[in-house]
Amino acid sequence: MDKTYDHRLESKIYALWENAHAFEPQGDGEPYSILLPPPNANASLHAGHAMYVIEDILVRWKRMQGYKTVWIPGTDHAGYESQYVYEKHLAKQGKSRFDFDRETLYNDIFTFVRENSGLIEDQLKKLGFSLDWSRKTFMLDSHVVETVYKTFEKLAQDGLIYRDHYIVNYCPKCGTTFADLEVTYKDQQDPMYYIQYGPFVIATVRPETMYGDTAIAVHPADPRYSAWIGKSVEVEGPLGPTTLPIIADDEIDMAFGTGVMKVTPAHDPHDFALAKKHHLPVISVINTRGKIELSAVSNLSNTNARAETTSTVQNLSTADARKKVVEYYKEKGLLVKIDEKYTHRVAVCYKSGHLIEPLVLPNWFIKMKPLAEPAINAVRTGKVKFFPTRFESQYYEWLGKFIDWPISRQTVWGIRIPVWYSTTENPDLAITYLSKTGERITGTAQELLATTSLEEIAKGLQQLRAPITAKYVISSTKPSDEYLPETDTFDTWFSSGQWPLTTLKYPEGEDFKTFYPTAVLDTMWDILFFWVARMIMLGLYMTGEVPFKTVYLHSMVTDEKGQKMSKSKGNVINPIEIVDQFGADALRISLVAGSTPGNPIAMSREKVKGYRNFSNKLWNIARFFIMQQEKGLEESGDSSAIVETSAQIIEKTNTLITSVTKNLDRFRFSDAALELYDFIWNDFANTALEQAKEFMHQKETFEVFFETYLTCLKLLHPFMPFVTESIWQELGTAKLIDRTLLIQTAWPTQKRAKMIK
RNA sequence: GCUCGCAUAGCUCAGUUGGUUAGAGCGCACGAUUCACAUUCGUGAGGUCCCAAGUUCGAAUCUUGGUGUGAGCACCA
């Protein structure tokens with residue numbers, strides 16, 4: 001046996017467990033299950049993933065306690081995230097998504113993701129995670145898609161799915177819609193233009209949207225403008241004179257600008273809400289590529305001006321159009337002033353950083369209220385418990401808003417919404433496809449079918465946009481020849497929100513019957529709404545039962561200085577590098593000891609090093625026993641001198657067993673880890689063992705101490721599985737114990753030591 | 001702007017329902033050494049528990065206010 005513990009042997013230990021099928025559920029004990037939050041299939045491990053050690057501790061512990069235990073791994077297709085990565089890869093070849101039809105693009109991304117997956121699996125193994133790989137699930141596996149379709153169908157049957165025009169956050173660069181949750185904001189300085197607008201002066205940073213103005217709004221109590229409320233005024237629009245109604249609403253801030261606001265319902269969420277409330281028309285003037293498109297502008301009084309100006313701005317970018325509009329007002333002498341230093345917050349795409357363009361598009365929605373209410377009750381009545389509990393109030397607050405969930409995404413990489421449109425019943429479907437010659441063609445179904453076969457369109461289909469009034473059929477397969485598929489895919493969270501159903505194979509799977517509801521859902525608090533809340537809602541909706549009984553929100557892993565890790569800051573620590581240097585065990589326990597749920601934990605090399613030393617300490621205690629045994633043990637002898645020390649250590653061990661078990665039961669992982677560390681190093685090795693050293697050749701003494709040591713190995717195993725199992729194997733080789741696997745031994749319970757009289 | 005954390009030794013942080021002398025790791029100072037382990041062992045220094053007021057026999061812990069700091073949500077033409 002080497003003088004120091006060599007953590008490079010960890011992979012051999014993992015193989016030992018795998019070959020013994022030690023991670024698969026065994027026996028007839030009470031079921032205990034955890035699902036690993038699925039990492040992105042094509043990503044590599046980051047520091048946050050290492051926190052899943054919490055789950056490994058739980059399953060290893062429960063497995064030892066005799067529960068029929070399973071921890072199921074899987075990977076997420078990460079819809080738009082993966083597509084974004086792939087598009088960057090395409091860009092290197094001078095191509096973009098517009099060069100491919102949907103099917104080809106999907107298959108290419110599939111290949112790409114598959115080539116890049118597998119890495120994360122190896123990395124999770126390096127951390128020692130006792131995941132049952134025979135059950136691993138990928139978000140696009142056919143049984144997953146089937147379940148997702150079933151859920152969608154049921155929602156539709158229950159009237160919880162609807163289509164509507166809605167103002168959405170649209171990223172023209174990424175070509176898709178985002179939920180409000182997915183949008184980030186940044187401060188930006190833009191000129192604010194003050195423009196004479198009929199009898200008023202309005203202030204705006206976006207003059208180019210004025211083509212879509214449908215009203216002017218003031219505060220009802222504003223004395224400056226009260227006389228105008230309810231009337232209509234003629235204003236100079238960017239296309240010439242037009243007439244707008246004046247509405248009053250409490251939402252208007254009298255102190256902002258001039259207290260008069262132009263209302264552009266199609267391009268501002270706030271204005272859109274006003275339009276709904278006051279029944280104003282909604283006129284889109286920017287298309288999904290972020291270009292000005294004035295085809296929807298109608299009710300204009302001056303058609304000559306329209307034709308002239310329209311041609312100058314049509315298809316310009318919003319930035320260029322803004323210059324044109326400003327110029328127009330300047331020439332007319334209506335530009336009152338420009339505030340160049342106006343700072344405001346703008347919505348940006350969290351991935352590309354591109355400005356978000358609020359657009360009105362047809363979208364698929366899920367009605368939240370009927371789903372959210374039972375989900376709120378489940379937490380209120382304690383069917384689901386949160387650790388730490390303070391996240392419950394955030395959960396209520398968010399779910400209680402009942403904001404309907406927009407589930408359509410204009411990406412290819414994902415689960416397609418299983419809807420089909422008849423081209424004969426819906427001649428106005430807006431279609432974009434690649435022709436046989438690779439040309440990108442756009443038009444309505446009616447226009448295109450006059451010259452092209454439906455077959456060719458279907459083959460080259462890139463995107464289809466159906467009016468909200470379109471008739472559709474829900475089906476996983478094509479209903480008949482005249483149909484074209486919906487091209488939108490589901491929001492990733494719609495499918496991952498069914499993870500407990502899909503991994504366990506709802507409704508007929510044996511695993512579903514055995515393991516649903518799962519015991520614990522452990523994740524970080526940042527996806528509480530995205531993911532956890534959705535799983536509770538959809539789990540309850542489909543099965544009537546919550547998907548998990550406990551939600552544990554583990555620490556966020558930060559860098560050594562407590563800063564959040566991010567690529568832009570350049571402070572990202574690769575956990576695998578730490579594992580290679582100090583061993584997985586050392587990393588694992590360093591993340592658990594001294595951390596509390598809901599608070600950050602720093603990944604500190606110094607701390608990990610300390611626990612690497614602890615691994616070595618454990619190892620050398622084993623060496624001590626082995627060498628002692630090789631020297632020979634004496635059967636009898638006067639052991640009276642050591643009786644007291646032995647009794648004390650047995651008593652303390654009993655206390656330790658109770659305490660560690662109790663702490664694990666209460667999710668107090670840090671307390672359990674620290675007391676094990678303290679007991680083993682201080683109470684046991686440095687104090688008791690030192691005192692008893694000279695008597696260790698006596699068999700009775702040896703056995704008491706050795707027994708205690710074995711108990712420590714078992715208690716520590718969930719936290720530091722590799723070193724404890726390595727030692728267990730060494731002890732087997734030395735014939736100090738029978739050859740077994742530590743992972744399969746029983747969790748210690750209190751014992752009265754038989755050697756003590 | 002709204003909501004929620006956090007503030008304890010030089011550093012990173014524990015401290016469960018209020019209850020002896022407030023703890024750990026690292027760091028620091030001094031010392032030991034061929035012993036299972038120098039990835040070791042021993043001894044020690046180091047605290048206004050952010051500030052103020054309050055509740056209490058008793059407050060790091062509970063209440064209120066303040067300061068600093070972090071996160072989440074909303075978002076202004």
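Quick note: numbers below take in every heavy atom, side chains included, and nothing from hydrogens, waters or symmetry partners. Letters go in sequence order (proteins before strands), and every chain restarts at 1.
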* To do: Looking only at side-chain atoms of A:L689, point me to the closest of B:A36, B:A77, B:G72.
  => B:A36
* To do: Return the value, rounded to whole Å, for the distance between atom NZ of A:K693 and atom C1' of B:C35.
  => 6 Å
* Positive for salt bridge (charged side-chain N to carboxylate O under 4.0 Å, His left out) with A:K277, one of A:D249, A:D271, A:D250 -> A:D249
* To do: Measure from the side-chain heavy atoms of A:N620 and tell me the nearest of B:U39, B:A36, B:A77.
  => B:A36
* To do: Verify the distance criterion only: is there a donor paired with an acceptor across the side chains of A:Y166 and A:D404 at less than 3.5 Å?
  => no
* Asked: Contact class for A:T596 vs. all strands (heavy atom < 4.0 Å): base, sugar-phosphate, or nothing?
  -> sugar-phosphate
* **Integer-rounded Å distance: B:U12 P and A:I601 CD1** => 13 Å
* Separation of B:U12 C1' from A:E606 CD (nearest whole Å) -> 11 Å
* **Test item: A:W228 and A:V218 side chains (from C-beta on) under 4.5 Å apart, heavy atoms** => no
* **Nearest-Å distance once atom P is located in both B:G70 and B:U16** => 26 Å
* Asked: Looking for any heavy atom pair under 4.0 Å, which part of the strands does A:I252 touch: base, sugar-phosphate only, or nothing?
  -> base
* Give, for atom CE of A:M261 and atom CZ of A:F256, the distance between the pair rounded to the nearest 0.5 Å. => 10.0 Å
* Asked: Side chains of A:R605 and A:I573: closer than 4.5 Å at any heavy-atom pair?
  -> yes
* To do: Decide whether A:D585 and A:H7 meet the rule of one side-chain donor and one side-chain acceptor closer than 3.5 Å.
  => no
* Asked: Got a donor-acceptor pair under 3.5 Å from the side chain of A:K607 to the base of B:A24?
  -> no
* To do: Could you tell me which non-hydrogen atom of A:G598 sits nearest to which non-hydrogen atom of A:F391, and how far apart they are?
  => CA-CE1, 4.1 Å
* Asked: Considering only side-chain heavy atoms of A:S670, which listed nucleotide, B:A14, B:U3, B:U39, is closest?
  -> B:A14
* **Euclidean distance, atom CZ of residue A:F582 to atom P of B:G25 [Å, nearest integer]** => 18 Å
* To do: Please work out if A:K401 contacts a base, only the sugar-phosphate, or nothing of the nucleic acid, heavy-atom cut-off 4.0 Å.
  => sugar-phosphate
* Asked: Given the P atoms of B:A29 and B:C73, what is the spacing between them in whole Å?
  -> 46 Å
* Asked: Within this structure, what is the CD-to-C1' distance between A:E630 and B:A36, rounded to whole angstrom?
  -> 12 Å
* Asked: Looking only at side-chain N and O atoms, does A:W681 come under 4.0 Å of OP1 or OP2 in B:A24?
  -> no
* Structure fact -> Of A:N599 and A:R668, the one whose closest nucleotide on RNA chain B sits nearer the 5' end is A:N599
* **B:U34 and B:C13, which share atom name C1', separated by this distance in whole Å** => 38 Å
* To do: Identify which nucleotide among B:C76, B:C41, B:C37 has an atom closest to any side-chain atom of A:R623, counting heavy atoms from C-beta outward.
  => B:C37
* B:A9 versus B:C51 - spacing of their P atoms, nearest Å -> 11 Å
* Structure fact -> The nucleotide from B:A77, B:A36, B:U3 with an atom nearest the side chain of A:F256 is B:A77
* Asked: If you check every side-chain atom of A:Y677, which of B:G15, B:G25, B:U40 has the closest atom?
  -> B:G25
* Asked: Going by atom types alone, do A:K652 and A:T708 pair a side-chain donor with an acceptor below 3.5 Å?
  -> no
* With heavy atoms under 4.0 Å as the rule, sort A:K609 into base, sugar-phosphate or nothing. => nothing
* Asked: Just how far, in rounded Å, is P of B:G70 from CG of A:D559?
  -> 14 Å
* Asked: So, is A:N686 close to the B:C41 phosphate, meaning a side-chain N or O under 4.0 Å from OP1 or OP2?
  -> yes
* **Nucleotide of B:A71, B:C76, B:A36 approaching A:W525 most closely (side-chain heavy atoms)** => B:A71
* Heavy atoms under 4.0 Å, any strand shown: does A:Y395 hit a base, just sugar-phosphate, or nothing? -> nothing
* Asked: Which whole number of Å gives the distance between the C1' atom of B:G19 and that of B:C28?
  -> 34 Å
* Asked: CZ of A:R345 versus P of B:A77: gap in Å, rounded?
  -> 12 Å
* **Pair pattern of RNA chain B in dot-bracket, where unpaired bases get dots and | marks partners in another strand, Watson-Crick or G-U under 3.5 angstrom** => (((((((..((((.....[...)))).((((((....).))))).....(((((..]....))))))))))))....
* With nearest nucleotides of RNA chain B determined for A:R390 and A:G594 from heavy-atom distances, which residue corresponds to the more 5′ nucleotide? -> A:R390
* Asked: If you measure from the C1' atom in B:G25 to the same atom in B:G15, how many Å do you get, rounded?
  -> 15 Å
* To do: Whole angstrom is fine here: how far is it from CG in A:D253 over to P in B:A74?
  => 20 Å
* Out of B:A36, B:A77, B:G15, whichever nucleotide has its closest atom nearest the side chain of A:H344 -> B:A77
* Say you pick atom P in B:U43 and the same atom in B:C49; how far apart are they, in whole Å? -> 27 Å
* Asked: Taking the six-membered ring of A:Y396, is NZ or CZ of A:R380 closer than 6.0 Å to its centre and within 45° of its axis?
  -> yes
* Asked: Of A:F387, A:Y552, A:F719, which meets ring pair (Phe, Tyr, Trp, His ring centres under 6.0 Å) against A:F669?
  -> A:Y552
* To do: May I ask you to say what A:K617 touches in the nucleic acid, namely base, sugar-phosphate or nothing, with a heavy-atom cut-off under 4.0 Å?
  => base
* **Distance between P atoms of B:G23 and B:U48 (Å, rounded)** => 16 Å
* Which of the following nucleotides, B:A36, B:U39, B:A77, is nearest to the side chain of A:Y342? -> B:A77
* A:E690 near the nucleic acid: base, sugar-phosphate alone, or nothing, with a heavy-atom cut-off under 4.0 Å? -> base
* Asked: When you measure from the side chain of A:M627, which nucleotide among B:A36, B:U16, B:C76 comes out closest?
  -> B:A36
* To do: Identify whether any heavy atom of A:M261 sits under 4.0 Å from a base atom; if not, whether one sits that close to sugar-phosphate; answer base, sugar-phosphate or nothing.
  => base
* To do: Decide whether A:Q581 and A:E577 meet the rule of one side-chain donor and one side-chain acceptor closer than 3.5 Å.
  => no
